[in-house]
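Since we're looking at a predicted model, the values are computed, not measured. In this chain, numbering begins with 1 at the start of the sequence shown.
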Amino acid sequence: SSTTTPEISNNKNELLSLAFPFAYILDKSDYKTEVINEICKINNLDVIEINNVKGARTDIYVEDWLKAFYNADYIITDSFHGVCFALIFEKEFLFIPNKFRGITRFETLIENFDIGDRMLNSINELPEKLKLKMNYEKTNKLINFHRQHSKNYLLRIIEETKIKPQTEYDTQMFKIL
C-alpha cells in the first residue's frame, strides 16, 4: 500500500497500537451489534468499538481515534467519516448505511469511489462481503481525480472573484493550492 505512517499518538491507549478489527458506530442498534458480534465470531477475534453511546469509552483522544483507524485490520462503521478514514488509510471495511446521519453522503461516496459492494444491507450478506478485497489502485485514482477536480474548482472561484490573501495564513494556503 502507498499509505505512509502519519504522526499519530504514541502514548495514551496502548491497546489501540495493536492490529484488530475496529467498529466505529455512531448510532448503535441491535442489528449493528449483531453484525459486529458475527464478524468477531467468523474471525475468532475481539473487536475494539468506539461509539457515542452513553457509558462508552471516554478516554479516547482524537489521536487515538485516528490511530484506531490506522492500525485496524478491518473497519465496520455506520459513519460517513468512518468510511472516509477507511479509504484514506486503505483499509478493508464494511459500512452500514446510517439513515439518521444522512444517507445521501454515503450515496455520494458510493458513486464517486465505486464502493457499493462495501455497503451491508443484511447480516446474511456478511460471509460473502467479508471475502471482498478493495482495489486501492483504482480507488486512489478516483480519489486523486476528485481531489484535482475540487482544487481546480477552488482555484477558478478564487480567480473569478479576485479573492486575494488577507493574512499570512491566507498566503500560505494559496501557495498550497
Side-chain angles (χ1 to χ4, degrees), residues 1-10 16-17 19-27 32 39 48 50-52 60-121 125 128-177:
S1 120
S2 63
T3 302
T4 57
T5 304
E7 291 297 321
I8 296 178
S9 172
N10 58 5
L16 299 181
S17 297
F20 51 84
F22 173 52
Y24 179 57
I25 303 296
L26 294 179
D27 297 300
K32 292 172 189 175
I39 289 171
I48 290 183
I50 296 175
N51 58 49
N52 66 352
I60 303 296
Y61 297 90
V62 173
E63 298 91 351
D64 293 317
W65 181 76
L66 286 172
K67 185 186 261 187
F69 280 100
Y70 184 76
N71 287 335
D73 286 331
Y74 204 93
I75 296 169
I76 308 99
T77 188
D78 67 345
S79 160
F80 169 84
H81 292 99
V83 173
C84 292
F85 281 111
L87 292 170
I88 289 167
F89 293 134
E90 297 185 4
K91 299 298 178 177
E92 295 297 332
F93 70 96
L94 287 176
F95 69 93
I96 301 166
N98 191 334
K99 296 174 182 145
F100 300 112
R101 305 283 179 148
I103 195 72
T104 56
R105 297 189 304 167
F106 288 102
E107 291 168 349
T108 300
L109 289 176
I110 290 168
E111 181 181 319
N112 288 340
F113 303 112
D114 192 25
I115 58 168
D117 62 341
R118 298 283 145 178
M119 183 167 60
L120 186 67
N121 294 302
E125 299 174 330
E128 287 305 311
K129 295 270 186 180
L130 287 172
K131 294 176 188 173
L132 298 174
K133 298 292 180 210
M134 281 291 295
N135 177 352
Y136 275 106
E137 184 176 331
K138 176 184 173 186
T139 303
N140 287 333
K141 286 179 183 176
L142 291 169
I143 289 170
N144 289 332
F145 170 81
H146 289 288
R147 183 179 290 138
Q148 188 61 48
H149 176 76
S150 297
K151 182 178 175 180
N152 292 343
Y153 172 79
L154 289 172
L155 290 171
R156 183 175 55 83
I157 295 301
I158 289 169
E159 183 58 34
E160 286 176 4
T161 58
K162 306 292 188 221
I163 296 174
K164 302 297 178 212
Q166 307 269 324
T167 66
E168 179 59 27
Y169 175 81
D170 295 341
T171 301
Q172 294 304 316
M173 288 306 294
F174 282 133
K175 285 180 183 176
I176 291 170
L177 290 173

Practice item. Decide if atom CD of E168 counts as having more than 12 heavy atoms of other residues, nucleotides or ligands within a radius under 6.0 Å. Key: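 More than 12 within 6.0 Å, yes.
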**Study point:** Over 12 foreign heavy atoms within 6.0 Å of CD, E111
**Key:** no
Check your understanding: With sequence neighbours left out, what residues match T139 under side-chain contact (heavy atoms from CB on, under 4.5 Å)?
Key -> L87, M134, Y136, I143
**Study point:** Pairing residues for E128 by the side-chain contact (heavy atoms from CB on, under 4.5 Å) criterion, not counting sequence neighbours
**Key:** K131
If I compare all heavy atoms of [X] with all of [Y], which pair ends up nearest, and what's the gap?
X    : Y    : result
K129 : L120 : CG-CD1, 4.1 Å
I39  : I76  : CD1-CG1, 3.3 Å
E92  : K133 : OE1-CA, 3.5 Å
N140 : E90  : ND2-OE2, 2.7 Å

Check your understanding: If you measure only the distance, is there a donor-acceptor pair under 3.5 Å linking the side chains of N144 and Q148?
Key ->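 Not at all, the side chains of N144 and Q148 share no donor-acceptor pair under 3.5 Å.
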Calculate, to the nearest 0.5 Å, the distance between atoms [atom1] and [atom2] belonging to [X] and [Y] respectively.
X    : Y    : atom1 : atom2 : result
D114 : N135 : CG    : CG    : 9.0 Å
L132 : I115 : CG    : CD1   : 12.0 Å
L154 : H149 : CG    : NE2   : 10.0 Å
D73  : K91  : CG    : NZ    : 7.0 Å

How about [X] and [Y]: do any of their side-chain heavy atoms sit closer than 4.5 Å?
X    : Y    : result
F95  : I110 : yes
H81  : R105 : yes
R101 : S79  : no
F85  : W65  : yes
F100 : D78  : no
T77  : V83  : yes
K32  : D27  : yes

Review point. Mind checking whether F113 and H146 have ring centres under 6.0 Å apart?
Key: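 For F113 and H146, the ring centres are under 6.0 Å apart.
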Check your understanding: side chain to side chain contact (heavy atoms under 4.5 Å, CB included) between L94 and L130: does it pass, once the steps are laid out?
Key -> CA-CA 8 Å; L94 287 176; L130 287 172; 4.1 Å; yes
Exercise for review: Using the six-membered ring wherever Trp is involved, compare the ring planes of F69 and F22 and label them parallel, tilted or perpendicular (cut-offs 30° and 60°).
Suggested key: perpendicular
**Study point:** salt bridge (Lys or Arg N to Asp or Glu O under 4.0 Å) involving E125 - partner list, sequence neighbours excluded
**Key:**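 None.
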